[in-house]
Trainee: 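Below is a structure I'd like to ask you about.
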Amino acid sequence: MEAAGQQRVVRAEDVAHMGLTEVLRHAFYIHSQYRALVRAIKRNPPALAIFIDFPDVNFRLAMHCKRLGVPVLWFVSPQLWAWKRRRLRWVKKYVSKMLVIFPFEAPFYRARGVDAEFVGHPLATLPLPAESRGEYARANGLNDSKAWIALLPGSRWNEVVHNLPIMLDAASELGLDYEFVIPVASTLKKESILELIASEEQYRDRYRNSDKNFPRILHLVDDAREALHHARASIVASGTATVQALTIGNPFVVVYRVSGLTYSILKRLIRYPAEIPAQPDADGNLPIAMPNLIAGRRIVPELLNDRFTAANLAAALRPLLEDTPARAQMIADLAETRARLLPAPNSNPIYQVCDAAESLLQSAQPKLSQKHVGIV
């Protein structure tokens, strides 16, 4: 956006800290940057504010915009349909229009008095990667004669630490017939991933290369969509990556691990509305993977916390690696569910955001003389 001529008040990368102690350590600076945003809005109120996700900050900024008479367009809804539903009062009070990317969100908001519109999910409109399997193998040092399994442990370091070791255990159980592709998110360093893998002695000893202290059947790559596209099947940590996997269409298993206390609290907090027909499993656990919520039924396996073991993971993955009815059914279910994420014919999610912004700008012009737009 800065390259396109926008004035950047705060650098998002300077305030992106994960974990309680990390946030507390940088709390003074983070708050000072928030105050800088508020001062910028008050000093030169925009004709329109566009907020993208990030509810903990954006709801507070929306309050200041409302006081200044600035309309608020919100793109990518906070997950109020899962928890913190009391924040709906802030949406109704401060947000002029909500543009959502999941089909069940629009009826959820409309039933509660919010002007909401489903615009489609941007990932669903992307073309599949064009690189051939052979080209991908040569570019990443993969054995083209083997099947590949993608391991997506998460985009945050604490997720990788919790998820990747169990994924590696499952890789060990699946054996040398496969090679494993690990996309490294831009928020992570490949060196850190290598150190984590090297610290797992069983992989270092079993898969040691003659000249590298690194498992030779594991390959670190940059692009998650390419890895998901070329993989026979994948193991995906719960989060945005599950939507990536859904839109690519190859089978996968969803996993995640948090502390026992966090898991217990989340189980009590999550309550889905009628717009999401989610049913608990035999243990009373509601689904959390977005593909299952979009489909309204369980189309991909979820292995969470105690169920997330190497044995369970290998058992869930094996039927998806062969030409089985389970694999064919999942591919069909993923294709059907992906279709629900598509925008209206001859449309595009981003173009619809632009149209909504122009509409709000036109309605705001009699009240405001400013011509710039604030985007957070």
Side-chain angles (χ1 to χ4, degrees), residues 76-83 85 99-111 116-126 128 150 152 154 224-225 228-229 231-256 266-267 269-305 307-308 312-313 315-317 319-321 324-345 347 349:
V76 184
S77 162
Q79 295 182 354
L80 304 186
W81 37 265
W83 52 53
R85 211 163 296 170
L99 300 180
V100 300
I101 59 175
F102 296 116
F104 55 77
E105 292 178 317
F108 166 78
Y109 277 115
R110 290 173 188 156
E117 179 182 353
F118 171 65
V119 298
H121 200 295
L123 287 175
T125 64
L126 295 178
L128 292 175
L152 281 73
R225 295 185 76 251
L228 291 163
H229 176 61
R232 179 68 175 175
S234 302
I235 304 168
V236 185
S238 182
T240 302
T242 64
V243 182
Q244 287 184 306
L246 163 64
T247 57
I248 292 294
N250 283 333
F252 61 99
V253 177
V254 177
V255 301
Y256 210 74
L266 288 176
K267 284 181 63 174
L269 287 178
I270 295 177
R271 292 292 183 271
Y272 296 127
E275 291 80 5
I276 304 177
Q279 298 297 321
D281 61 16
D283 296 329
N285 299 314
L286 289 168
I288 66 166
M290 194 57 71
N292 291 336
L293 299 182
I294 298 166
R297 54 194 176 90
R298 295 177 187 268
I299 63 171
V300 296
E302 296 184 17
L303 300 177
L304 310 176
N305 268 39
R307 290 186 176 184
F308 180 21
N312 287 345
L313 187 48
L317 204 61
L320 306 178
L321 294 168
T324 61
R327 176 180 173 84
Q329 184 63 57
M330 185 178 294
I331 290 174
D333 289 340
L334 292 173
E336 178 186 339
T337 305
R338 174 189 174 275
R340 300 185 184 186
L341 295 180
L342 292 172
S347 184

Trainee: Would you call Ile294 and Met290 a side-chain contact if the rule is heavy atoms closer than 4.5 Å?
Mentor: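 They are in contact (side-chain heavy atoms under 4.5 Å apart), so the answer is yes.
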
Trainee: For the residue pair Leu228 and Ser234, establish whether any side-chain heavy-atom pair is separated by less than 4.5 Å.
Mentor: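 They are in contact (side-chain heavy atoms under 4.5 Å apart), so the answer is yes.
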
Trainee: When you compare the side chains of Trp81 and Glu105, does any donor N or O come within less than 3.5 Å of an acceptor on the partner?
Mentor: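 A pair is found: one side chain offers a donor N or O, the other an acceptor, under 3.5 Å apart.
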
Trainee: Working to the nearest 0.5 angstrom, can you tell me the gap between Asn292 CG and Leu286 CG?
Mentor: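 Reported value, rounded in 0.5 Å steps: 11.5 Å.
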
Trainee: Taking only residues two or more places apart in sequence or in another chain, which ones pass side-chain hydrogen bond (donor to acceptor under 3.5 Å, both in side chains) with Asn250?
Mentor: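 For Asn250, no residue satisfies side-chain hydrogen bond (donor to acceptor under 3.5 Å, both in side chains) once neighbours in sequence are set aside.
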
Trainee: I'd like to know if the side chain of Gln279 reaches the main chain of Arg297, judged simply by a donor and an acceptor atom lying under 3.5 Å from each other, with no hydrogens or angles considered.
Mentor: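 No, Gln279 side chain to Arg297 backbone: no donor-acceptor pair under 3.5 Å.
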
Trainee: As an exercise, state the distance from CG of Leu321 to CZ of Arg327, rounded to the nearest 0.5 Å.
Mentor: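 Those atoms lie 7.5 Å apart.
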
Trainee: Assess the residue pair Val255 and Leu304 against the criterion (side-chain contact (heavy atoms from CB on, under 4.5 Å)); give the C-alpha distance rounded to whole Å, side-chain angles, the decisive distance to 0.1 Å, and a yes or no.
Mentor: CA-CA 6 Å; Val255 301; Leu304 310 176; 6.0 Å; no

Trainee: Counting only N and O atoms by type, is there a donor-acceptor contact under 3.5 Å from the side chain of Arg340 to the main-chain atoms of Pro103?
Mentor: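 No.
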
Trainee: Do Met330 and Val300 come within less than 4.5 Å of each other through their side chains, counting heavy atoms only?
Mentor: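 Yes, their side chains come closer than 4.5 Å.
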
Trainee: Hey, what do you get for CG (Leu246) to CG (Leu123), rounding to the nearest 0.5 Å?
Mentor: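 CG of Leu123 is found 9.0 Å from CG of Leu246.
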
Trainee: Ignoring hydrogens and angles, tell me if any N or O in the side chain of Thr247 forms a donor-acceptor pair with the backbone of Gln244 under 3.5 Å.
Mentor: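 Side chain of Thr247 to backbone of Gln244: a pair is present.
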
Trainee: Please find the pair of heavy atoms, one from Arg271 and one from Lys267, that lie closest to each other, and give the distance.
Mentor: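 Arg271 and Lys267 have their closest heavy atoms at NH1-O, 3.2 Å.
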
Trainee: As an exercise, state the distance from CZ of Arg110 to CZ of Phe118, rounded to the nearest 0.5 Å.
Mentor: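 CZ of Phe118 is found 10.5 Å from CZ of Arg110.
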
Trainee: Between Gly154 and Ala237, what is the shortest heavy-atom contact and its length?
Mentor: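 Scanning both residues completely, I find the closest heavy atoms to be N-CB, 3.9 Å.
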
Trainee: Ignoring hydrogens, what is the shortest heavy-atom contact between Trp83 and Ile270? Give both atom names and the distance.
Mentor: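 Reported closest heavy-atom pair: CE3-CG1, 3.4 Å.
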
Trainee: For the atom pair OG1 (Thr240) and NE2 (His121), what is the distance rounded to the nearest 0.5 Å?
Mentor: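 Nearest 0.5 Å value for the OG1-NE2 distance: 7.0 Å.
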
Trainee: Please give me the minimum heavy-atom distance between Pro251 and Arg232, naming the atom from each residue.
Mentor: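 Minimum heavy-atom contact is CD-O, 3.9 Å.
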
Trainee: In terms of side-chain geometry, is the basic nitrogen of Asp281 or Arg307 positioned less than 4.0 Å from the acidic oxygen of its partner?
Mentor: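 A salt bridge is present here (some side-chain N lies under 4.0 Å from a carboxylate O).
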
Trainee: Atom CD1 of Ile248 and atom CG of Leu128: how far apart are they, to the nearest 0.5 Å?
Mentor: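 Going from the CD1 atom of Ile248 to the CG atom of Leu128 covers 5.5 Å.
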
Trainee: Taking the side chain from Arg338 and the backbone from Ala124, do they hold a donor-acceptor pair closer than 3.5 Å?
Mentor: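 Yes, because the side chain of Arg338 sits within donor-acceptor range (under 3.5 Å) of the backbone of Ala124.
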
Trainee: So Phe108 and Ile276, side-chain contact (heavy atoms from CB on, under 4.5 Å) or not? Walk me through it.
Mentor: CA-CA 9 Å; Phe108 166 78; Ile276 304 177; over 6 Å; no

Trainee: Looking at Thr242 and Ser238, would you say the former's side chain and the latter's main chain have a donor-acceptor pair under 3.5 Å?
Mentor: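 No; judged by distance alone, with no hydrogens or angles, the pair does not exist.
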
Trainee: Kindly indicate whether the side chain of Asn285, heavy atoms from C-beta on, has any atom under 4.5 Å from the side chain of Pro280.
Mentor: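 Side chain of Asn285 against side chain of Pro280, heavy atoms only: no contact under 4.5 Å found.
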
Trainee: State, to 0.1 Å, how close Val236 and Ala245 come at their nearest heavy-atom pair, and which atoms those are.
Mentor: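 Val236 and Ala245 have their closest heavy atoms at CG2-CB, 4.2 Å.
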
Trainee: Do you know the tightest heavy-atom contact between Ala278 and Pro287?
Mentor: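 What the structure gives for the nearest pair is CB-CG, 3.7 Å.
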
Trainee: Assess whether side-chain contact (heavy atoms from CB on, under 4.5 Å) is satisfied between Leu152 and Ile235, documenting all intermediate values.
Mentor: CA-CA 6 Å; Leu152 281 73; Ile235 304 168; over 6 Å; no

Trainee: Step by step, would you call Val243 with Ile101 a side-chain contact (heavy atoms from CB on, under 4.5 Å)?
Mentor: CA-CA 11 Å; Val243 182; Ile101 59 175; over 6 Å; no

Trainee: With heavy-atom distances below 4.5 Å as the criterion, would you say the side chains of Phe252 and Pro291 are in contact?
Mentor: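 Side-chain contact under 4.5 Å: yes.
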
Trainee: Measure from the side-chain N and O atoms of Tyr256 to the backbone N and O of Ala289, and report whether any donor-acceptor pair falls under 3.5 Å.
Mentor: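 Between the backbone of Ala289 and the side chain of Tyr256 there is no qualifying donor-acceptor contact (under 3.5 Å).
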
